[in-house]
Number of protein chains: 2
Amino acid sequence: MTDVKKPRRRPRSDGQRNREHLLAVAKAAFTMGEVDIALDDVARRAGVGIGTLYRHFPSRDALIEAVYRVELDRLAEAAPVLAAQHPPVEALRAWMRLFVDYIAAKQVIAPALNGLVSGTGALYAQSGDILKAAANDLVSTAVAAGDLRDDIEPLDLLRALAGVSNFAAGPGWESSAKRLVDILIAGSRTSVS
Amino acid sequence: MTDVKKPRRRPRSDGQRNREHLLAVAKAAFTMGEVDIALDDVARRAGVGIGTLYRHFPSRDALIEAVYRVELDRLAEAAPVLAAQHPPVEALRAWMRLFVDYIAAKQVIAPALNGLVSGTGALYAQSGDILKAAANDLVSTAVAAGDLRDDIEPLDLLRALAGVSNFAAGPGWESSAKRLVDILIAGSRTSVS
DNA sequence: ATATATACGGAGGAGTACTCCGTTTAACAA
DNA sequence: TTGTTAAACGGAGTACTCCTCCGTATATAT
């Protein structure tokens, strides 16, 4: 039990302001197509030096994770709400559709999902765990109710979804994404002839 | 119909040799983990100048596509064979499992699938079309036989599969990938209570 | 006012993708 | 064989990116 670091001073206001500016700029850029924006640009647009950016976010991945953290957490929080409103399987379906909606609304989830799901490493690890836990709850509830096969891996459903999320291009992609959700749900049910 | 360009000379042997060396080196590198290998390195290992590499493959993506072309084509060619050997639905299942096997054998499909499936643009466009056509045949045969719902989008199944392919890490990933194939098939069947 | 922990800025090191163009060479004809 | 020429080569150079380092500035606390 090492003791928690006791902050001897209140955090500096300019530091927090800059951090928020950076996040806002980065999110705006990512939301537009500019996923590959140079970090120098992010710093310039936020009105800070590049050194400041790197102090707040020690790597590009750290910045990306910070940007998406809010969105991913919101998605995770929706799970218990849906679970309370719907029967188990429908709650899961609704939650998976929420993914699709988020992507449709340019809520910038897709790249985060990819990072989360691909083996890139510790990146997104924390948000990822929350998300996985949410999926786990929904699935195990449905399994316990006897509606879903008991060999369903929640993470696999997420992975499959990430595959579709990968590209939000082409007309009708949204409806085809929702169709896939139905396929996944149907295929996960207990009663399959 | 513009006339086909009549080559006034036979292609130079050194050119073809170098092209093959480059492909071999790149494939070897990609097959190991070195996806981010510098193109300078590829050129050096192949014993050619960087200029030569860029003449043969005008961009990094062009090189990657060329490397995976062979594998993707082989996968596409397996489709009619499987269709001849199995009833429709089982042919589709077998083909989807083939994806998993390829990935498991470090056959380097996963990144190609991602590129194919993500909206990166024309990259992989050609190989992608072949693959899509193969999937289309398998699915529409099964649909015609009345075994699969008629609203199944072959490409969506591929996308979902790509999601799992994304990471071939963690113990037991292979079996969970095959389980997902079963889920997708089950969910695509006509008779769902 | 003074002290000091905290944060800032941006030049610069290191590395990569890709271009340009003078040089070399394989193919072919005489 | 030898000359001609289209095709291919090589690698220095350009442009750009990520990230580090460290001297300077400033918010907080006394």
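A, B, ... follow the sequence lines: proteins, then strands. Residue 1 opens every chain.
Between A:I152 and B:I183 the shortest side-chain heavy-atom distance falls below 4.5 Å. Counting only heavy atoms from C-beta outward, the side chains of B:D41 and B:V25 never approach each other to under 4.5 Å. In this structure, B:F99 and B:V181 have side chains that are not in contact, with every pair of non-hydrogen atoms separated by 4.5 Å or more.
Protein atom CG of B:D61 is 11 Å distant from nucleotide atom C1' of C:dA17, rounded to whole Å. Atom-to-atom, CG of B:D40 to P of C:dC18 comes out at 11 Å; the value is rounded to the nearest Å. Distance, A:D41 CG to C:dG10 C1': 15 Å, rounded to whole Å. Straight-line distance from the CZ atom of B:R9 to the C1' atom of C:dT25: 10 Å, rounded to whole Å. When rounded to the nearest whole Å, the span between CZ of A:R44 and P of D:dC18 equals 11 Å. Rounded to an integer number of Å, the gap from A:L63 CG to D:dC19 C1' is 14 Å.
Of the residues in residues 50-60 of chain B, B:I50, B:G51, B:T52, B:R55, B:H56 come within less than 4.0 Å of DNA chain D through at least one heavy atom, sorted by number. Taken residue by residue, residues 11-19 of chain B places heavy atoms nearer than 4.0 Å to DNA chain C at B:P11, B:R12, B:S13, B:D14.
Qualifying side chain to side chain contact (heavy atoms under 4.5 Å, CB included) partners for B:N18, counting only residues two or more places apart in sequence or in other chains: B:H21, B:V48, B:T52, B:H56.
With respect to the salt-bridge test (charged N to carboxylate O, under 4.0 angstrom), the residues B:E153 and B:K132 do not qualify. Between B:R17 and B:E20, none of the side-chain N atoms (NZ, or NE/NH1/NH2) sits under 4.0 Å from a carboxylate O, so this pair counts as no salt bridge. With respect to B:D182 and B:R179, no salt bridge is recorded, no charged nitrogen being found less than 4.0 Å from a carboxylate O.
Using a distance-only test at 3.5 Å, with no hydrogens or angles considered, no donor-acceptor pair links the side chain of A:W95 to the main chain of A:P80.
Between A:R10 and the phosphate of D:dT28, there is a side-chain N or O to OP1/OP2 separation shorter than 4.0 Å.
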